[in-house]
Amino acid sequence: MKKIAVLTSGGDAPGMNAAVRAVVRKGIYEGLQIAGVYNGYQGLIQGKIEQLELGSVGDIIQRGGTMLRSARSPEFMTEEGRAEAVRQLHANGIDGLVVIGGDGSFRGAYELVKLGIPCVCVPATIDNDINGTQFTIGFDSALNTVIDAIDKIRDTATSHERTFIIEVMGRDAGDLALWSGLAGGAETILIPEEGFAIDEIITRLQSGSGRGKKHSIIIVAEGVMTGSALAEVLKEKAGIETRVSVLGHIQRGGSPSARDRVIASQYGARAVEVLCEGRSGIAIGMQNNMVVDYDLDVVFNPSDHTFDKQLYKLSKELSI
Ligand code: ADP
């Protein structure tokens with residue numbers, strides 16, 4: 001390994017910059033040349049590649065988004081697009097690639113591995129939905145953004161004695177809803193990994209109001225249904241009036257939390273080490289507070305999903 005490249009791809013996440021910084025600085029520390037690819041796989045196909053120096057990644061550790069910018073690339077989904085990407089990598093003398101992104105980006109990297117390009121993947125998505133790691137970069141920051149919103153909504157819910165439905169992101173995963181619901185003291189948390197009975201929610205809301213509890217917070221993961229769809233069901237079935245708040249893209253932005261900056265630094269540096277060890281087709285992650293690396297196959301194996309059932313059980317016990 002003499003020269004490696006780094007790119008960010010797919011949905012952005014707070015902490016991506018800290019990971020880019022770690023790849024660049026650790027790479028230079030190891031005596032490598034580092035190239036930055038702009039706009040993900042699309043930029044790779046277009047040859048948007050620049051050499052990065054120590055100073056190129058100064059003053060970015062605290063910034064949300066990604067200085068390398070991100071993109072979704074339908075062209076990279078084609079054989080011709082990927083062949084052009086490989087050509088660009090060879091033309092720029094690049095021996096290995098660090099891909100920072102979500103599982104779609106990992107699939108893209110897997111295709112490059114099959115074409116003979118050594119790749120290591122760093123998980124960065126607010127959804128925390130990558131198999132084989134307990135934490136992705138961006139999850140903790142998004143979680144803090146959601147909790148901040150819940151706390152604020154709770155103030156008005158209490159003042160006006162209202163039930164609020166808060167819809168949070170997460171695609172098909174419920175982690176953001178579960179963790180934020182638990183940390184924000186929500187009365188009800190709906191996540192795609194666990195079924196729910198609407199009658200049970202209605203009974204809880206009614207028995208709460210029977211006890212004099214006039215406000216309630218319901219967190220619904222976008223993978224279950226929209227907040228407004230849930231509001232409609234509650235109104236139709238039981239005449240329960242709610243207010244809906246859809247947090248949307250604010251969850252993807254903002255300065256990364258301390259924890260995200262730390263794990264992004266660890267993951268980025270480990271990715272460089274793994275490439276230097278001559279390995280490829282590997283993902284970096286966290287298990288029981290230890291940085292781990294594992295085969296990309298694990299990411300694509302649905303049976304390895306890391307949903308925390310104990311945490312869900314606890315959230316139910318604490319919101320009686
Ligand atoms: P994320 O990485 O956040 O999950 P996407 O699913 O949009 O985001 O994936 C990002 C990009 O990765 C896509 O635009 C595409 O270029 C590439 N990609 C995704 N899936 C594949 C695949 N099966 N084969 C090749 N490239 C893929």
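In listed order, ligands and their atoms are each counted from 1.
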Which ligand 1 atoms, with their elements, are less than 4.0 angstrom from a heavy-atom of [X]?
X	result
E111	24 (N), 25 (C)
Y41	12 (O), 16 (O), 17 (C)
S73	13 (C), 14 (O), 15 (C), 16 (O)
G102	1 (P), 2 (O), 3 (O), 4 (O)

May I ask you to say whether [X] pairs ionically with [Y], meaning some side-chain N is under 4.0 Å from a carboxylate O?
X	Y	value
E317	K313	yes
R107	E111	no
D95	K3	no
E277	R270	yes

Measure the distance from [atom] to every protein heavy atom, then report the residue, atom name and distance (to 0.1 Å) of the closest one.
atom	answer
atom 2 (O) of ligand 1	S105 OG, 2.5 Å
atom 6 (O) of ligand 1	G104 CA, 3.3 Å
atom 3 (O) of ligand 1	G11 N, 3.1 Å
atom 11 (C) of ligand 1	S9 OG, 3.7 Å
atom 8 (O) of ligand 1	G10 CA, 3.3 Å
atom 7 (O) of ligand 1	R72 NE, 2.5 Å

Distance alone, cut at 3.5 Å: any donor-acceptor contact between the side chains of [X] and [Y]?
X	Y	value
T66	T8	yes
S257	N144	no
S141	R252	no

So does Q134 get a backbone contact from the side chain of N128, meaning a donor-acceptor N/O pair under 3.5 Å?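 Between the backbone of Q134 and the side chain of N128 there is a qualifying donor-acceptor contact (under 3.5 Å).
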Short side-chain to backbone donor-acceptor contact, E193 and G174, under 3.5 Å:
yes
Does ligand 1 have an atom that lies less than 4.0 angstrom from a heavy atom of D103?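 D103 counts as a contact of ligand 1 under the 4.0 Å cut-off.
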Heavy atoms only: which of R107, E79, M77 lies closest to atom 27 (C) of ligand 1?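 Selected option, by shortest heavy-atom distance: M77.
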Checklist entry - Does an N or O from F76, backbone or side chain, lie closer than 3.5 Å to an N or O of ligand 1? => result no
